[in-house]
Amino acid sequence: MSPAEAPALLVAAQSGRALAAAARRAGFAPYVADLFGDMDTLALAAGYRPLTGRLGRGIAAAGVLAALDALAAEAARPVLGVVLGSGFEGRPALVAAIAERFTLLGTSAASMAGVKDPAQFAAACARHGVPHPPISLYPVEDPNLWLVKQAGGSGGSHIRRARPASLPKGCYAQHCLPGVPVSLAVLADGCDAQVVATTRQWTAPSAQAPWRYGGAIEPETVAAGLAAEMTEAIARLVPEFGLRGLISADCLVDGERWWLLEINPRPGATLDVIDRRPTPLLARHIAAVRGSLGPAEAAPSDAAGAMIVYAPTAVERVAGVAWPDYVMDRPPPGSRIPAGAPVATVWATASDASMTRILLDTRAAEVLRLIQHRNINRERNDAAAERQYARSTAG
């Protein structure tokens with residue numbers, strides 16, 4: 001199928017690159033709106049429009065509908081629908097407005113609002129016997145035992161330690177519990193669920209964002225009995241909220257105990273890592289939205305992982321960099337990267353998870369070396385040019 005013949009698909013997210021890549025693998029032409037407009041997204045997208053917002057805090061409603069309308073107008077073929085990524089969890093009214101214009105290929109606005117409402121979600125977990133950390137909608141007495149989360153936040157950058165007698169508007173407190181962060185990628189058809197993959201996740205803490213998302217590796221081995229219990233629990237919540245498509249269930253696992261932290265009702269941050277099955281995952285996502293889960297597919301025999309590389313200090317202007325093939329989300333030359341913002345994503349595969357993590361750490365360090373080295377050289381060249389100009393104009 002030529003690019004001109006590929007069905008058009010709208011994609012909107014904080015970062016649309018992973019969804020755009022998944023769309024290409026599934027035979028679609030992605031028309032993308034996101035916050036970054038990185039080099040890979042622009043290369044993958046059949047059309048692009050920028051959005052505004054704050055990473056981890058959501059996408060600003062202003063301009064989203066106009067961006068999607070413009071992309072649909074320039075699409076070479078009729079638009080199949082729109083797939084939403086992160087950034088819309090706390091914007092159900094915006095999701096509803098999008099669904100009035102385009103076919104929403106994912107969980108409905110009402111279902112999204114329900115599953116991302118902390119009180120509704122906690123009550124549903126209690127009714128269905130799903131282990132879930134205690135929450136509070138009011139300031140807590142002992143803040144050392146609690147975290148504060150923004151309702152509808154994503155990526156972990158919104159999570160903070162609780163403070164005495166304080167709970168910001170739009171936030172809730174969740175009790176701290178021990179365990180390893182594990183995420184289940186799940187296909188849901190509104191009635192039933194099928195676990196596609198289990199990944200180990202980790203944080204990339206900074207002073208401002210101690211629980212910032214760092215990366216993920218597949219596979220993560222969970223004891224068979226515990227895995228079955230987790231799968232059955234999540235399946236009970238699918239019809240409760242009417243969840244559809246590829247979703248992610250974030251959990252903590254501590255030995256034989258586990259807790260469901262939240263469900264993200266859209267394709268998650270692990271899409272790059274897990275889209276290695278025979279059937280492209282975005283094709284299965286759309287089929288599940290339409291009511292068909294299809295047969296389960298075997299996981300790859302090797303391990304794969306992706307890690308976000310954050311800027312430790314601000315990069316005032318990105319110089320031209322010869323990026324290695326394992327780098328994704330490459331920033332355009334000339335762009336500015338604030339301290340603490342993502343620089344890029346690195347990818348690795350290896351025989352097992354431990355070797356994959358070693359590769360990711362090595363490659364992340366190389367990305368920082370490359371961008372800092374080129375930035376230092378650019379600053380030196382700029383300074384030399386300024387000195388030469390000053391000498392030529394002196395007197």
Side-chain angles (χ1 to χ4, degrees), residues 11-13 18-19 22 58 81-96 98-99 102-132 135 149 151-155 182-199 227-251 258-271 274-275 279 281-297:
V11 169
L19 280 169
V82 58
V83 177
L84 302 179
S86 67
F88 292 90
E89 297 90 340
R91 306 283 190 275
L94 177 57
V95 174
I98 292 171
F102 307 100
T103 299
L104 183 61
L105 297 172
T107 293
S108 71
S111 296
M112 186 178 292
V115 79
K116 298 310 293 184
D117 181 280
Q120 287 191 48
F121 187 69
C125 287
R127 282 196 302 274
H128 292 282
V130 178
H132 177 61
I135 69 161
K149 298 184 174 184
S154 62
V182 173
S183 182
L184 275 62
V186 178
L187 284 168
D189 63 3
C191 299
D192 203 358
Q194 180 188 117
V195 174
V196 174
T198 304
T199 56
E229 181 183 330
M230 296 165 73
T231 301
E232 291 167 5
I234 294 163
R236 293 195 293 272
L237 294 175
V238 166
E240 171 80 22
F241 292 105
L243 302 173
R244 291 182 176 274
L246 184 63
I247 62 176
S248 60
D250 291 344
C251 307
W258 74 282
W259 298 269
L260 176 61
L261 300 179
E262 64 177 349
I263 290 178
N264 293 310
R266 40 79 181 169
T270 60
L271 186 56
I274 64 176
D275 194 6
T279 305
L281 265 182
L282 203 63
R284 296 200 67 193
H285 165 80
I286 293 172
V289 170
R290 293 171 171 173
S292 175
L293 294 179
E297 297 184 350

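For reference, positions follow the sequence shown, starting with 1. Only a predicted model underlies this, so the values are computations on that prediction, with no experimental measurement involved.
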Note: Pro92 and Ala109 closest approach over all heavy atoms is O-CB, 3.4 Å
Pairwise side-chain contact, Phe241 with Thr107, heavy-atom cut-off 4.5 Å (strictly under): no
Can a donor-acceptor pair be found, under 3.5 Å and without considering hydrogens, that links the side chain of Glu89 to the backbone of Gly87? yes
What are the two closest heavy atoms between His285 and Val83, and how far apart are they? NE2-CG1, 4.1 Å
Measure across Arg236 and Gly129 and return the closest heavy-atom pair with its distance rounded to 0.1 Å. NH2-O, 3.9 Å
Would you sort out whether Glu262 and Lys149 count as a salt bridge (Lys or Arg N to Asp or Glu O under 4.0 Å), showing the intermediate values? CA-CA 11 Å; Glu262 64 177 349; Lys149 298 184 174 184; 5.7 Å; no
Between Ala193 and Val186, what is the shortest heavy-atom contact and its length? CB-CG1, 3.6 Å
Measuring from atom CG of Leu246 to atom CD of Gln194, what distance do you get when rounded to the nearest 0.5 angstrom? 10.5 Å
Rounded distance [0.5 Å steps], CE in Met112 versus CZ in Phe88: 8.5 Å
Would you mind reporting whether Val82 and Leu104 have side-chain heavy atoms less than 4.5 Å apart? yes
Within the structure provided, determine whether Ser248 and Thr270 are in side-chain contact (heavy-atom separation under 4.5 Å). no
Pairwise side-chain contact, Arg266 with Leu84, heavy-atom cut-off 4.5 Å (strictly under): no
